[in-house]
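Here is how names work: the chains are called A, B, and so on, in the same order as the sequence lines, proteins then strands, and each is numbered from 1. Values below: every heavy atom of this structure, side chains too, minus hydrogens, waters and symmetry copies.
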Protein chains: 2
Amino acid sequence: MTTIKDIAKEVGVSVATVSRALNDSGYASSGVKKKVLDAARKLNYVPNEVARSLYNNKSRVIGVLVPDISNPYFPRMIRGIEDAANENNYRILLGNTDQNIDKEKKYLEIFHQNNCAGIITATWTVEKSIQNLKVPVVMIDRVNDKYVSVEADNFKGGRIQADHLIEQGAKHILIIAGPEKYSSFRNRTIGASERLNDLKINCEVKDSISVRTLMDKSDVKFFRGFDGIICPNDMYAYEVLSFLNENNINIPSEIKIIGFDDLEFSKWVSPELTTVRQPIYEMGKEAFALLIQEDEKNKRNILDVELIQRKST
Amino acid sequence: MTTIKDIAKEVGVSVATVSRALNDSGYASSGVKKKVLDAARKLNYVPNEVARSLYNNKSRVIGVLVPDISNPYFPRMIRGIEDAANENNYRILLGNTDQNIDKEKKYLEIFHQNNCAGIITATWTVEKSIQNLKVPVVMIDRVNDKYVSVEADNFKGGRIQADHLIEQGAKHILIIAGPEKYSSFRNRTIGASERLNDLKINCEVKDSISVRTLMDKSDVKFFRGFDGIICPNDMYAYEVLSFLNENNINIPSEIKIIGFDDLEFSKWVSPELTTVRQPIYEMGKEAFALLIQEDEKNKRNILDVELIQRKST
DNA sequence: TTGTACGCGTTATCAG
DNA sequence: CTGATAACGCGTACAA
C-alpha cells in the first residue's frame with residue numbers, strides 16, 4: 001500500500017505538504033500540488049481510512065442493525081440506506097440481531113469499537129441496550145422518545161385497509177393484529193379498528209398467534225364468519241391466502257384480503273394481493289439523511305402510504 | 001472512550017503493562033493483571049478496533065459484494081456469511097454493485113482503504129476489476145480459475161429438473177435458459193438438456209429474454225406446445241406461473257413447472273412450486289470458512305442440491 | 001516483571 | 001508557502 005510517505009519521498013517534499021496538497025487544506029504552491037497529484041496517481045495512492053478514523057475518532061462507517069436480513073421486509077430498507085450512504089461516501093457495517101438483546105449489545109459495542117459515525121436500527125429490544133451512545137442514532141419503523149425515528153404512516157395505513165374493504169362491500173371484517181409490542185403493528189390495528197367502529201362495521205380483532213393456531217387446526221368455519229380480512233403485513237397475508245385457497249374459499253368473492261407492505265412477491269401470489277404500500281426503500285434513504293443531518297431534525301418522521309389494489313379484494 | 005492509557009493511570013502502571021495484561025501476551029504478574037482487568041471492567045474499557053487495524057495493517061472486517069441485496073436470492077447468503085463471520089469475531093462491510101463495474105471497483109477500493117481482511121463476492125464483472133488484491137477472495141456462485149469459489153451443483157440440479165419432469169410424465173419440455181454469461185445458469189441448462197437428449201425426450205431450449213417477450217405478447221400457443229417447463233430460477237418460475245394462471249392453463253395437469261433455488265416464497269405461490277433447493281445459507285457460511293482458512297483450500301467447492309417436490313409438477 | 005520508545009498512516013498545529 | 005512534530009490508540013522490541 002502506498003502512503004503519503006511514499007509520495008513525499010517520490011516528490012521530495014514532506015508528508016505535511018503532501019497531505020495539504022491532497023486535501024486542498026492549508027496552502028500548497030500549484031507547482032508542488034501538481035507534482036504531488038501526479039505522483040499519487042502514478043503510485044496508485046488511496047488514503048487509508050483506518051488511519052483517518054484513528055485521527056478523527058470517527059470513521060465513515062455507519063452501523064446498521066436489523067432483526068434478520070432474511071426477512072424480506074429488510075433488504076430494500078438496507079438498500080435504501082446503502083444507496084444514500086454511498087452517495088455521501090459512507091459505508092455500512094451490517095448486523096443481524098434476531099431480536100436477541102445480547103447480540104444487539106454486542107453489535108453496539110462493535111460499532112463503538114470501530115468508531116462508527118452513527119447507527120441506524122430496526123430492532124426492537126434495542127431501547128434497553130442503547131444507553132449512552134455518543135453517536136447519532138436513527139430508528140426505523142420504531143418510535144422512541146429518545147431518538148430520531150422514521151416510520152410509515154401506520155395509522156393511515158390501517159384506515160386505508162378498513163376503508164378499502166368497506167368499499168369493496170365487506171360487512172364482517174377480521175382484523176389480524178401483529179405482535180402487540182411493536183408500535184407499527186399496534187398503530188395499524190388501531191387505525192383500522194377505529195375506522196371500522198366509527199362506521200359501525202362489524203369487526204373482530206384477533207392476534208396473529210391465535211389466528212395461526214386456527215389455521216393449524218384447519219378451522220375453516222371461523223374464517224367463513226368473515227367476508228374481509230385485514231392482515232398485519234404481506235407475509236402474513238400469504239399464509240392466510242394459502243390457507244383459504246387450500247380450503248377452496250374463493251378470494252375475493254367469498255372473502256377479501258388486504259395486506260400491508262407491498263413486498264415484491266405480492267404480485268406473484270394468487271390472487272395477486274391488494275395491499276398498503278409503505279415506502280421501505282425511501283425510509284432507508286430518509287433514515288440515513290437524518291443520521292448525518294447536522295441541523296435541527298424532527299424527532300418523528302412519518303412517510304406516506306398508499307393503497308395498491310390488485311385481485312384479492 | 002476509555003483507552004489503555006486511562007487504565008494505566010487508574011492502576012498506576014504503564015500502558016505496555018496494561019496491554020500485556022489485557023492480551024495475555026508477554027509477562028505480567030498476576031497481581032497487576034488482576035488489577036488491570038478489574039480497572040478495565042470498571043472503566044468499561046473496550047479495545048479500539050481502529051487502532052488495532054492500523055497497527056496490524058489488517059482489520060477484522062470483511063467486504064461482501066452482491067449485485068443487489070433486494071434480489072431475494074442474496075439475503076440468506078449474506079446471513080450465512082454474517083453468522084459465520086460473527087462466530088469468528090469478524091464483521092461485514094456490505095456493498096451493492098448492480099453489476100456495474102465502476103461500483104465494483106469503487107467498493108474494492110473502499111475495502112482496501114479499510115484494511116479489510118478479505119472479500120466475498122457474488123458479482124459477475126468483478127473478475128475484470130479484481131486484479132491484484134493482496135487479501136483473500138472467495139467467489140460465491142461464480143467460478144474463476146484465479147480464486148477460490150463456492151457454488152451449488154448446478155449440473156446435477158439441471159439433471160434433477162429434467163429427471164423429475166420426465167418422471168411426472170412430461171414429454172415435450174421447454175428449458176428456459178438464464179443469462180448466458182453466468183456459469184451457474186449455463187451449467188443448469190447443460191445438465192438438463194444433456195439428460196433430456198440422452199433420454200431422447202423432446203425438448204427445446206430458449207433464452208429467458210425471448211420467453212419473456214413471448215409472455216408479453218400473450219403468446220399462449222407457444223406454451224401449449226409443452227407439458228413441462230424448466231425454469232432457470234424460482235423468480236422466473238413465478239412469472240411463468242403467473243402467466244399460465246392468467247391464461248387458465250392448469251398446472252400441473254396441463255403443464256408442469258419446476259424452478260431452481262427454493263426461495264422462501266415458493267411455498268406461497270399457487271400452486272406451490274416444485275424446485276431444486278440450493279443451500280444458499282450454507283454457501284455463505286462455507287464462503288466465509290474458506291476465506292479465513294489458512295491451510296490448503298480447494299479451488300472449487302461444490303455444494304449439493306436436492307429436489308423439493310410440491311404442487312406444480 | 002516492568003517501563004520507554006517507536007511505528008502503523010493521517011491530519012493539524014506551529015514555527016520558520 | 002513549507003517542514004518538523006504531536007496526536008489518535010494499540011502492540012511490541014528493547015532496555016532496565
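Put simply, chain B comes within 4.0 Å of DNA chain C, heavy atom to any atom, from C:dT1 to C:dG9, going 5' to 3'.
Among residues two or more places apart in sequence or in another chain, the side-chain hydrogen bond (donor to acceptor under 3.5 Å, both in side chains) test is passed with B:E151 by B:R300. Every residue was checked against the side-chain hydrogen bond (donor to acceptor under 3.5 Å, both in side chains) condition with B:Q293, not counting sequence neighbours, and none meets it. Remark: A:E180 engages no residue in a side-chain hydrogen bond (donor to acceptor under 3.5 Å, both in side chains) (not counting sequence neighbours). Under the rule for a side-chain hydrogen bond (donor to acceptor under 3.5 Å, both in side chains), A:N44 has no partner lying at least two apart in sequence or in another chain.
In this structure, the NZ atom of A:K35 is 15 Å from the P atom of D:dC1, given to the nearest Å. For the pair A:N114 CG and D:dC10 C1', the computed distance is 14 Å after rounding to whole Å. If you take OH of A:Y27 and C1' of D:dG3, they are 17 Å apart, rounded to a whole angstrom.
Atom-to-atom distance recorded for A:L65:CG and A:I140:CD1 is 11.5 Å, nearest 0.5 angstrom.
Contacts classified as salt bridge (Lys or Arg N to Asp or Glu O under 4.0 Å) and involving residues 20-31 of chain B (residues at least two apart or in different chains) are given here: B:D24-B:K33. Among pairs with a residue in residues 74-83 of chain B, those fulfilling side chain to side chain donor-acceptor pair (under 3.5 Å) read A:D68-B:R79, A:D98-B:R79, A:Y107-B:E82, B:R79-B:D83, B:D83-B:Y281, at least two apart in sequence or across chains. The stretch residues 72-94 of chain A participates, sequence neighbours left out, in these ring pair (Phe, Tyr, Trp, His ring centres under 6.0 Å) pairs: A:Y90-A:F288. Listed by first then second residue, pairs satisfying salt bridge (Lys or Arg N to Asp or Glu O under 4.0 Å) with a partner in residues 9-18 of chain A read A:E10-A:K42, not counting sequence neighbours.
Both A:T3 and B:A28 lie near DNA chain C, and the one whose nearest nucleotide falls closer to the 5' end is B:A28.
Only A:L54, A:Y55, A:N57, listed by number, bring a heavy atom of residues 44-61 of chain A to less than 4.0 angstrom from any atom of DNA chain D. For the contact set between residues 12-21 of chain A and DNA chain D, defined by any heavy atom under 4.0 Å, the members are A:V13, A:S14, A:A16, A:T17, A:R20.
Axis angle, first five pairs versus last five pairs of the helix from C:dT1-D:dA16 to C:dG16-D:dC1: 60°, rounded to 10°.
Between the side chains of A:Q278 and A:D261, a donor-acceptor pair is found at a separation under 3.5 Å.
Other residues, nucleotides and ligands place more than 12 heavy atoms under 6.0 Å from the NZ atom of B:K285.
In this structure, B:D102 does not pair ionically with B:K106, as no charged nitrogen and carboxylate oxygen lie closer than 4.0 Å.
The two residues A:P75 and A:I69 come nearest to each other via the heavy atoms CG-O, 3.6 Å.
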